[in-house]
J.: 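Sharing a structure below in structure tokens format, with a few things to ask.
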Amino acid sequence: MNASYRALTEAAEYARARKGPALVHASVTRPYSHSLSDVERDYKTKAEREAEELREPVAAVFPNG
């Protein structure tokens, strides 16, 4: 999480200083299905789903919901 925060902070400072546009390419894990018709259990093991849930960025920032 610190690396993400640092990258976004640097990008915002760069843009606010009017040095030009800034882009942060972030690769995140989507720990939940795309939709109600997407059944992750069909293609991800329970261990994979649990590991991805631990890496979920919103839960890391707001652990109590």
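The shown structure was predicted, so the numbers you read here are calculated from the model rather than taken from an experiment.
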J.: Taking side chain to side chain contact (heavy atoms under 4.5 Å, CB included) as the definition, give me every residue that meets it alongside S37, ordered by chain and number, with sequence neighbours left out.
T.: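 Checked S37 against side chain to side chain contact (heavy atoms under 4.5 Å, CB included); matches are S35.
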J.: Quick one: pull up CD in E40 and OG1 in T45 and give me the separation to the nearest 0.5 Å.
T.: 10.5 Å
J.: Side-chain donor-acceptor pairs under 3.5 Å in residues 10-23, sequence neighbours left out?
T.:
unit_1 : atom_1 : unit_2 : atom_2 : d
Y14    : OH     : K19    : O      : 3.3

